[in-house]
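Before any comments, here is the structure.
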Amino acid sequence: MKDRNCLILITIIVIVGLLSGCGKEKYNERVKEEKIKATRDIFAMDTYMTLVAYGEKANEGLDEAVSEIQRLDEMFSVGKEESEVSILNQNGSEIVSDETKYLLEKALTIYRKTEGSFDISVYPLMVEWGFTNQKYKLPTKDKIKELLQGVDASKIEHTKGKNFVSLPKQMKIDFGGIAKGYTSQRIMEIFKKYNLTGGVVSLGGNVQTYGRKPDGTNYKIGIENPFGDEGYIGVLTVSERAVITSGGYERFFEKNGVKYHHILDPKTGYPAESGLTSVTIVNSDGTEADGLSTALFVMGKEKAVNYWKKNGEKDGFDLILVEKTGEITITSGLEKSFISDYPVKVIR
């Protein structure tokens with residue numbers, strides 16, 4: 001759900017920027033990096049993507065990673081008539097691949113754990129609001145009420161261990177809120193396959209890191225300022241982590257002086273009014289981080305913090321919450337790795 005070309009370029013600069021003119025040692029490190037570094041820039045899944053890899057087989061690894069992105073795009077994109085998801089939506093039932101079944105079960109797990117705050121069946125409402133094709137409009141209350149009758153992922157019929165999936169009448173699904181996280185996770189597996197020493201991918205703002213930089217240090221990821229100002233609210237230093245942000249500032253339209261953003265509350269059919277401007281999830285699992293970033297945005301600060309207190313340690317994730325008031329809250333696992341020029345509250 002995130003398409004921020006400018007952010008991608010800036011983030012990658014922050015991540016892989018090199019210091020020059022700092023003596024022979026730095027120069028040698030730079031030469032070493034140039035020999036083992038490879039990069040790719042592509043457009044897929046309706047967003048701009050940048051991939052960087054380090055290692056003797058960095059180019060081979062990135063070639064396979066690009067092919068994998070294109071394959072998954074063909075499989076999951078609702079904008080492609082021959083994708084598995086589009087065929088399922090059209091037919092109402094289908095025998096799907098193991099990967100589609102896995103992603104469905106992952107989405108349903110997040111649905112249950114967040115009490116419906118993440119729901120892949122909200123797709124028809126996204127279409128009605130115009131967020132899928134940028135032809136924005138304000139739906140009528142009656143239309144929203146009608147479409148809400150088809151929103152309830154718990155009614156998707158599937159049998160564990162089998163690949164037959166059936167959707168109720170009026171229901172259509174979209175993996176847009178979780179597919180890029182799954183894709184970045186798959187790329188990490190490819191990097192491991194090629195025994196790379198490090199790498200980082202930015203898939204439309206979904207960032208995930210592998211290993212370390214050639215000088216042995218971790219990656220620095222800028223967390224975007226959601227209030228339209230240039231720069232970041234802070235910088236996070238990580239390795240082997242996905243850093244995924246959802247925010248109401250990413251995609252929106254304005255009508256009669258009111259802004260309507262693309263993160264819909266599945267319970268109301270309207271853009272979530274949670275008091276949050278952005279939610280960043282830091283987790284080793286990119287798929288989980290992608291879904292949770294949307295769910296916790298919908299839930300709001302109090303419920304998001306309570307969810308972290310209950311599940312954070314067990315599931316291995318941390319949060320950065322930015323409220324509409326500008327207040328920044330982080331969870332304790334990020335206290336030593338997140339640096340900001342703004343006041344930051346730490347939740348323990």
Under 30°, 30 to 60°, or over 60°: which ring-plane class applies to F317 and Y307, parallel, tilted or perpendicular? tilted

Could you tell me which non-hydrogen atom of I69 sits nearest to which non-hydrogen atom of A44, and how far apart they are? CG2-CB, 3.6 Å

Has I95 got more than 12 heavy atoms of other residues, nucleotides or ligands less than 6.0 Å from its CD1? no

Looking at T114 and A295, what are the two nearest heavy atoms and their distance? CG2-CB, 3.7 Å

Which label fits Y136 and F253: parallel for a plane angle under 30°, tilted from 30 to 60°, or perpendicular past 60°? parallel

State whether the number of non-hydrogen atoms from other residues, nucleotides or ligands found under 6.0 Å of D341 atom CG is greater than 12. no

Y210 pairs by side-chain contact (heavy atoms from CB on, under 4.5 Å) with which of L196, T197, V201, V200? L196

Residues passing the side chain to side chain contact (heavy atoms under 4.5 Å, CB included) test with S278, sequence neighbours excluded, are P226, T245, Y249, V322

Decide, yes or no, whether a salt bridge links D63 with R40 under the criterion of side-chain N to carboxylate O below 4.0 Å. yes

So does K267 pair up with E115, basic N to acidic O under 4.0 Å? no

For E323, is there an ion pair with K345 - N to carboxylate O distance below 4.0 angstrom? no

Does E327 pair with K301 as a salt bridge, N-O distance under 4.0 Å? yes

Y260 ring center within less than 6.0 Å of F252 ring center: no

What orientation do Y270 and W129 show, parallel under 30°, tilted 30 to 60°, or perpendicular over 60°? perpendicular

Working note: Y219 + V243, criterion side chain to side chain contact (heavy atoms under 4.5 Å, CB included); need CA distance, chi angles, decisive distance, verdict. CA-CA 11 Å; Y219 300 91; V243 181; over 6 Å; no

Kindly check if the number of other-residue, nucleotide or ligand heavy atoms within 6.0 Å of CD (Q90) is above 12? no

Should we count CD of E254 as having more than 12 external heavy atoms under 6.0 Å? yes

Measure the acute angle between the ring planes of Y48 and F43, then classify it against the limits of 30° and 60° as parallel, tilted or perpendicular. perpendicular

Please say which of E68, E60, E64 ends up in a salt bridge (Lys or Arg N to Asp or Glu O under 4.0 Å) with K193. E64

Flag the pair R212 and E240 as a salt bridge only when some basic side-chain nitrogen lies within less than 4.0 angstrom of an acidic carboxylate oxygen. no

Minimum heavy-atom distance between L236 and V238, given as atom pair plus value: CG-CG1, 3.6 Å

